[in-house]
Student: 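I'd like to ask you about the structure that follows.
Counting starts at 1 for both ligands and their atoms, in listed order.
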Amino acid sequence: MLYNQFMTLDPAKLRKFIEDQGWSGFGIVPISEVKSALGKHESIFEKWLRQGFQAKMVYLEAMKEDRYHPENKLPDVRSVIVLQAWYGSDENGNVARYARGKDYHKVLKKRLLSLSDWLKAQNPEISTYASVDSGPTVDRVLAEAAGLGFFGKNANLISPSSGSYFFIASLMTTAQLPATEKKRMPGCGDCQKCMMSCPMGAIVAPRVIDARRCIAYLTIENKEGIPEYLRPRIGNRLFACDICQEVCPFNEGRAGKQEILIDELNAKNGVGDNLDLAEILAIETDEEFQERFSGTSLMRAKRRGLLRNACVVAGNRGDKSLIPVLEQFLELETDEMLKEHAKWAIKAINQNTAI
Ligand code: B12
Ligand code: SF4
Ligand code: SF4
């Protein structure tokens, strides 16, 4: 007989536990609805891959079977709890908002696992599968299916009441939980602000991002040099990019006003809004880098990636005081890719300030 794991769980208690954990919101969706949404999105993803828009993120294709078939990871999955964690901030800076606090993967995974423990304590027969970003889940599709928002033309999932500056985490469970209510979503209407504002032309069609041109890809996931013709368009963005969210009317007036309920995600507990280029360019070893950025999302770029980005931003800034810093860097650095970027930066600063 199929054990009805719903009977033993009090939905009000579940809601209270989730709220006490500090999530900004959540939705619960039956697996049938998740599978139907994933079915539609699988072909969107396949087309995206065929167009080469995944750049070198080969892991996305490698995980395809598990991402679009959740039962591969959790046989008998019945419901998915999809959770939002707000990270917004008013301040503009050279580090994208999501990366300013502690690494969200670690912070949110810990909370998911304690939610899982709580569920299992209610009923030991329950099994779960927890995922935040790096796992084999299609997070925006799960969040849309759970009623947390709609797909903006910038591809981000937007909540009509709180905008798009939130992380998505999910807990699949064999428990059959009552689905949460879904509201009607407004959608973008005629607005095209994000598409017009992306400096890279990376939003190639509504909801379609060419990662090869996206600053988030170029400054984090990309392990090579940044193509020279794209460097000036990166501007001051040292790590990732928020432009297509900054211009979005759904984020207007919300960043900074909405409370960050999970304190570790706050900039003051991590990297901060802005990093000093001279300080970054003075990081000589991987060990020094690790000491400075351990526990933050910047670890993903490694020293090599972040210093490459720092050269690009230095060149774009046209600040002559950075020339001696770059020259010193060139003297000590052995990595050819980094040296080429530093030389480019010196040339760009001289050209920018020549008039
Ligand atoms: C790979 C990846 C990236 C890549 C590729 C970006 C991309 N758009 O795919 C790069 C490194 C560039 C990136 C950048 C960013 N990312 Co990212 N990324 C991911 C990851 C790991 C997978 C995304 C994926 O599956 N892409 C495949 C393509 C096909 O999907 P998609 O672009 O999301 O497109 C969806 C919609 O556009 C829509 N869609 C597209 N076409 C159509 C057409 C129709 C008709 C319809 C109905 C829908 C539709 O369906 C698509 C999904 O099937 C997810 C985490 C996860 N495990 O899911 C995080 C994730 C999407 N990223 C996230 C964030 C925060 C970002 C950045 C904002 C970070 C930053 N500040 O720089 C930027 C935003 C760039 C952008 N405008 O999308 C969050 C998004 C939260 C939210 N509120 O939406 C996620 C969910 C991580 C998380 N768990 O919180 N990211
Ligand atoms: S994150 Fe930046 S580069 Fe990427 S699509 Fe948005 S505006 Fe364009
Ligand atoms: S800027 Fe406009 S078009 Fe882009 S996601 Fe926001 S509402 Fe949609």
Side-chain angles (χ1 to χ4, degrees), residues 24 37-51 53-57 59-61 63-64 66-68 82-88 95-100 104-105 108-109 131-144 148-160 162-170 186-222 230 233-235 237 239-252 297 300:
S24 323
L38 285 170
K40 285 184 204 137
H41 278 277
E42 193 167 5
S43 55
I44 291 176
F45 178 65
E46 280 162 357
K47 187 169 172 202
W48 190 72
L49 289 179
R50 278 198 304 279
Q51 287 169 299
F53 293 159
Q54 82 279 23
K56 296 214 167 141
M57 295 179 287
Y59 66 92
L60 288 174
E61 193 168 1
M63 291 195 294
K64 181 173 170 290
D66 290 343
R67 293 185 88 213
Y68 290 90
V82 191
L83 304 116
Q84 299 173 284
W86 171 257
Y87 62 80
V95 177
R97 287 167 178 76
Y98 90 88
R100 293 177 185 174
Y104 72 100
H105 299 89
L108 300 185
K109 191 70 173 273
S131 177
V132 189
D133 184 58
S134 53
T137 47
V138 197
D139 297 349
R140 284 165 169 161
V141 175
L142 297 182
E144 194 213 20
L148 296 181
F150 65 92
F151 283 109
K153 288 180 189 166
N154 61 12
N156 285 295
L157 201 85
I158 302 176
S159 151
S162 53
S164 61
Y165 292 127
F166 61 86
F167 298 115
I168 302 168
S170 64
C188 291
D190 294 336
C191 177
Q192 292 200 330
K193 281 188 174 173
C194 53
M195 301 185 71
M196 310 296 278
S197 308
C198 172
M200 316 302 279
I203 310 177
V204 293
R207 295 166 289 198
V208 183
I209 307 295
D210 181 350
R212 294 171 299 189
R213 290 194 247 166
C214 176
I215 296 172
Y217 174 80
L218 290 167
T219 59
I220 310 172
E221 301 297 321
N222 168 34
L230 291 175
R233 299 196 224 165
I234 287 177
R237 275 153 286 278
F239 189 85
C241 168
D242 284 330
I243 297 172
C244 57
Q245 298 189 87
E246 281 164 3
V247 300
C248 179
F250 287 96
N251 285 328
E252 220 169 87
S297 293
R300 180 91 182 153

Student: Heavy-atom contacts under 4.0 Å between Ile44 and ligand 1: side chain, backbone, both, or neither?
Tutor: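 Side chain only.
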Student: Any chance the side chains of Ser164 and Asn251 put a donor and an acceptor closer than 3.5 Å?
Tutor: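 Their side chains do contain a donor-acceptor pair, which is all the 3.5 Å distance test asks for.
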Student: What protein heavy atom sits nearest atom 8 (Fe) of ligand 2, and how far off is it?
Tutor: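 Answer for atom 8 (Fe) of ligand 2: Cys198 SG, 2.3 Å.
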Student: Have a look at Glu246 and tell me which of Arg237, Arg97, Lys193 forms a salt bridge (charged side-chain N to carboxylate O under 4.0 Å, His left out) with it.
Tutor: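 Answer after filtering Arg237, Arg97, Lys193: Arg97.
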Student: How about atom 87 (C) of ligand 1: does it have a protein heavy atom within less than 4.0 Å?
Tutor: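 Given the 4.0 Å limit, the answer for atom 87 (C) of ligand 1 is yes, a protein heavy atom qualifies.
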Student: For ligand 1, which atoms, with element, lie under 4.0 Å from some heavy atom of Asp242?
Tutor: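 Within the 4.0 Å cut-off of Asp242, ligand 1 contributes 71 (N).
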Student: Applying ring pair (Phe, Tyr, Trp, His ring centres under 6.0 Å) between His41 and each of Phe151, Tyr68, Trp48, report the one that passes.
Tutor: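 Among Phe151, Tyr68, Trp48, the one meeting ring pair (Phe, Tyr, Trp, His ring centres under 6.0 Å) with His41 is Phe151.
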Student: Considering the heavy atoms of Ile203, write down every atom of ligand 2 situated less than 4.0 Å from one of them.
Tutor: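 Heavy-atom distances to Ile203 below 4.0 Å select 5 (S).
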Student: If you scan the protein for heavy atoms around atom 91 (N) of ligand 1, do you find one that is closer than 4.0 Å?
Tutor: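 Not a single protein heavy atom is under 4.0 Å away.
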Student: Which of the numbered atoms in ligand 2 are below 4.0 angstrom from a heavy atom of Ile215?
Tutor: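 Checking each atom against Ile215, I get 3 (S), 4 (Fe).
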Student: Can a side-chain donor-acceptor contact be found between Arg140 and Asn156 if the only test is distance below 3.5 angstrom?
Tutor: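 Indeed, the side chains of Asn156 and Arg140 share at least one donor-acceptor pair under 3.5 Å.
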Student: Compute the ring centroids of Phe250 and Phe150, then answer whether they are less than 6.0 Å apart.
Tutor: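 Yes: the rings meet the under 6.0 Å criterion.
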Student: Asn156 near ligand 3, heavy-atom distance under 4.0 Å?
Tutor: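 The answer is no: ligand 3 sits nowhere under 4.0 Å from a heavy atom of Asn156.
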Student: Among the heavy atoms of Tyr165, does any lie under 4.0 Å from an atom of ligand 1?
Tutor: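 Outside the 4.0 Å threshold, so no.
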Student: Could you tell me the residue and atom name of the protein heavy atom closest to atom 4 (Fe) of ligand 3, and the distance to it rounded to 0.1 Å?
Tutor: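 Going by distance alone, atom 4 (Fe) of ligand 3 is nearest to Cys194 SG, 2.3 Å.
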Student: Which atoms of ligand 1 have any heavy atom of Gln245 under 4.0 Å away?
Tutor: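 Within the 4.0 Å cut-off of Gln245, ligand 1 contributes 68 (C).
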Student: Measuring to atom 6 (Fe) of ligand 2, does Cys214 have an N/O/S atom at a distance below 2.8 Å?
Tutor: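 Given the 2.8 Å cut-off, Cys214 does not count as a ligand of atom 6 (Fe) of ligand 2.
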Student: So, taking the atom named SG in Cys194 and the one named CD1 in Ile209, what distance separates them when rounded to the nearest 0.5 Å?
Tutor: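 Here the rounded value is 7.5 Å.
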Student: Heavy-atom contacts under 4.0 Å between Cys244 and ligand 2: side chain, backbone, both, or neither?
Tutor: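 The part of Cys244 near ligand 2 is both the backbone and the side chain.
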Student: Within the 4.0 Å heavy-atom shell around Pro249, which atoms of ligand 3 are there?
Tutor: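 Those qualifying, in numeric order: 1 (S), 2 (Fe), 6 (Fe), 7 (S).
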Student: Could you tell me which atoms of ligand 3, counted from 1 in the order shown, lie closer than 4.0 angstrom to a heavy atom of Ile158?
Tutor: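 Within the 4.0 Å cut-off of Ile158, ligand 3 contributes 5 (S).
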Student: Look up atom 56 (C) of ligand 1 and tell me if a protein heavy atom lies less than 4.0 Å from it?
Tutor: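 It does: a protein heavy atom is found less than 4.0 Å away from atom 56 (C) of ligand 1.
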Student: Within the 4.0 Å heavy-atom shell around Ser164, which atoms of ligand 1 are there?
Tutor: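 It comes down to these atoms of ligand 1: 83 (N).
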Student: Is the terminal nitrogen or CZ of Arg100 (NZ for Lys, CZ for Arg) located under 6.0 angstrom from the six-membered ring centre of Tyr87 and within 45° of that ring's axis?
Tutor: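 Cation-pi check for Arg100 and Tyr87: fails.
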Student: Measuring from atom CD1 of Ile243 to atom CD1 of Ile215, what distance do you get when rounded to the nearest 0.5 angstrom?
Tutor: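 Separation between the atoms: 5.0 Å.
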Student: List ligand 1 atoms under 4.0 Å from Val138, heavy atoms only on the residue side.
Tutor: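 In order of number, 58 (O).
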Student: Under 4.0 angstrom from atom 38 (C) of ligand 1, is there any protein heavy atom?
Tutor: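 There is a protein heavy atom less than 4.0 Å from atom 38 (C) of ligand 1.
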Student: Mark up the atoms of ligand 1 that fall under 4.0 Å of a heavy atom belonging to Ala155, in ascending order.
Tutor: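 Checking each atom against Ala155, I get 37 (O), 78 (O).
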Student: Side chains of Lys64 and Phe45, heavy atoms from C-beta outward: is any pair under 4.5 Å?
Tutor: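 Side chain of Lys64 against side chain of Phe45, heavy atoms only: contact under 4.5 Å found.
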Student: Report the nearest protein non-hydrogen atom to atom 6 (Fe) of ligand 3: residue, atom name, distance rounded to 0.1 Å.
Tutor: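 Going by distance alone, atom 6 (Fe) of ligand 3 is nearest to Cys248 SG, 2.4 Å.
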Student: Within the 4.0 Å heavy-atom shell around Ile243, which atoms of ligand 2 are there?
Tutor: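 Heavy-atom distances to Ile243 below 4.0 Å select 7 (S).
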Student: Of the listed options (Phe166, Tyr104, Tyr87), which comes nearest to atom 65 (C) of ligand 1 when hydrogens are ignored and any heavy atom counts?
Tutor: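 Answer by nearest heavy atom: Tyr87.
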Student: Name the option, out of Asp139, Val95, Asp133, that contains the heavy atom nearest to atom 54 (C) of ligand 1.
Tutor: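 The option holding the nearest heavy atom is Asp133.
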Student: Is it the case that ligand 1 has an N or O less than 3.5 angstrom from some N or O of Leu157?
Tutor: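 So ligand 1 has an N or O lying under 3.5 Å from an N or O of Leu157.
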Student: Should the pair Tyr98 and Phe239 be assigned to parallel (<30°), tilted (30 to 60°) or perpendicular (>60°) ring geometry?
Tutor: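 Correct class here is tilted.
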Student: Among Ala240, Ala37, Ala216, Ser159, which one puts a heavy atom closest to atom 15 (C) of ligand 1?
Tutor: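 Minimum heavy-atom distance to atom 15 (C) of ligand 1 goes to Ala216.
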Student: May I ask you to list the atoms of ligand 3 that are less than 4.0 angstrom from any heavy atom of Phe250?
Tutor: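 Going through ligand 3 atom by atom, the ones under 4.0 Å from Phe250 are 7 (S).
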Student: For atom 25 (O) of ligand 1, tell me which residue out of Glu42, Arg140, Arg67 has the closest non-hydrogen atom.
Tutor: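 Closest candidate by heavy-atom distance is Arg67.
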Student: Does ligand 1 have a heavy atom under 4.0 Å from the side chain of Lys40, from its backbone, from both, or from neither?
Tutor: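 Lys40 to ligand 1: no contact under 4.0 Å from either part.
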Student: Give a yes-or-no answer on whether the side chains of Asp133 and Tyr104 include a donor-acceptor pair shorter than 3.5 Å.
Tutor: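 Looking only at side-chain atoms, Tyr104 and Asp133 do form a donor-acceptor pair, the distance falling under 3.5 Å.
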Student: How many angstroms lie between atom CD of Glu144 and atom CG of Asp139, to the nearest 0.5 angstrom?
Tutor: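 Going from CD on Glu144 over to CG on Asp139, the span is 13.5 Å.
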Student: Could you tell me whether the side chain of Ser162 and the main chain of Ser159 form a donor-acceptor pair under 3.5 Å?
Tutor: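 Not a single qualifying donor-acceptor pair exists.
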Student: I need the atoms of ligand 1 closer than 4.0 Å to a non-hydrogen atom of Ala96, numbered in the order shown.
Tutor: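 Heavy-atom distances to Ala96 below 4.0 Å select 71 (N).
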Student: Would a search of protein heavy atoms around atom 30 (O) of ligand 1 find one under 4.0 Å away?
Tutor: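 Under the 4.0 Å cut-off, atom 30 (O) of ligand 1 has no protein heavy-atom neighbours at all.
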Student: Specify whether an N/O/S atom of Cys191 falls short of 2.8 Å from atom 2 (Fe) of ligand 3.
Tutor: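 So Cys191 does bind atom 2 (Fe) of ligand 3 by this criterion.
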Student: For ligand 2, which atoms sit closer than 4.0 Å to a heavy atom of Met200?
Tutor: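 Those atoms are 3 (S).
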Student: Under a 4.0 angstrom heavy-atom cut-off, which atoms of ligand 1 come close to Leu60?
Tutor: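 Result: 1 (C).
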Student: Kindly give the heavy-atom pair with the smallest separation between Arg213 and Val204, and that separation in Å.
Tutor: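 Shortest heavy-atom contact: NH2-CG1, 3.7 Å.
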Student: Identify, by atom number and element, the atoms of ligand 1 in contact range of Cys244, meaning under 4.0 Å from any of its heavy atoms.
Tutor: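 Listed by number with element: 77 (N).
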Student: Nearest non-hydrogen contact with atom 41 (N) of ligand 1 belongs to which option: Arg207, Arg212, Arg213?
Tutor: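 Answer by nearest heavy atom: Arg207.
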Student: Kindly state if atom 51 (C) of ligand 1 has a protein heavy atom within a strict 4.0 Å cut-off, that is, under 4.0 Å?
Tutor: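 Flag for atom 51 (C) of ligand 1 set to true, protein heavy atom closer than 4.0 Å.
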Student: Does a salt bridge link Glu221 with Arg212, judged by any charged N lying under 4.0 Å from a carboxylate O?
Tutor: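 Not counted as a salt bridge, because no side-chain N and carboxylate O are separated by less than 4.0 Å.
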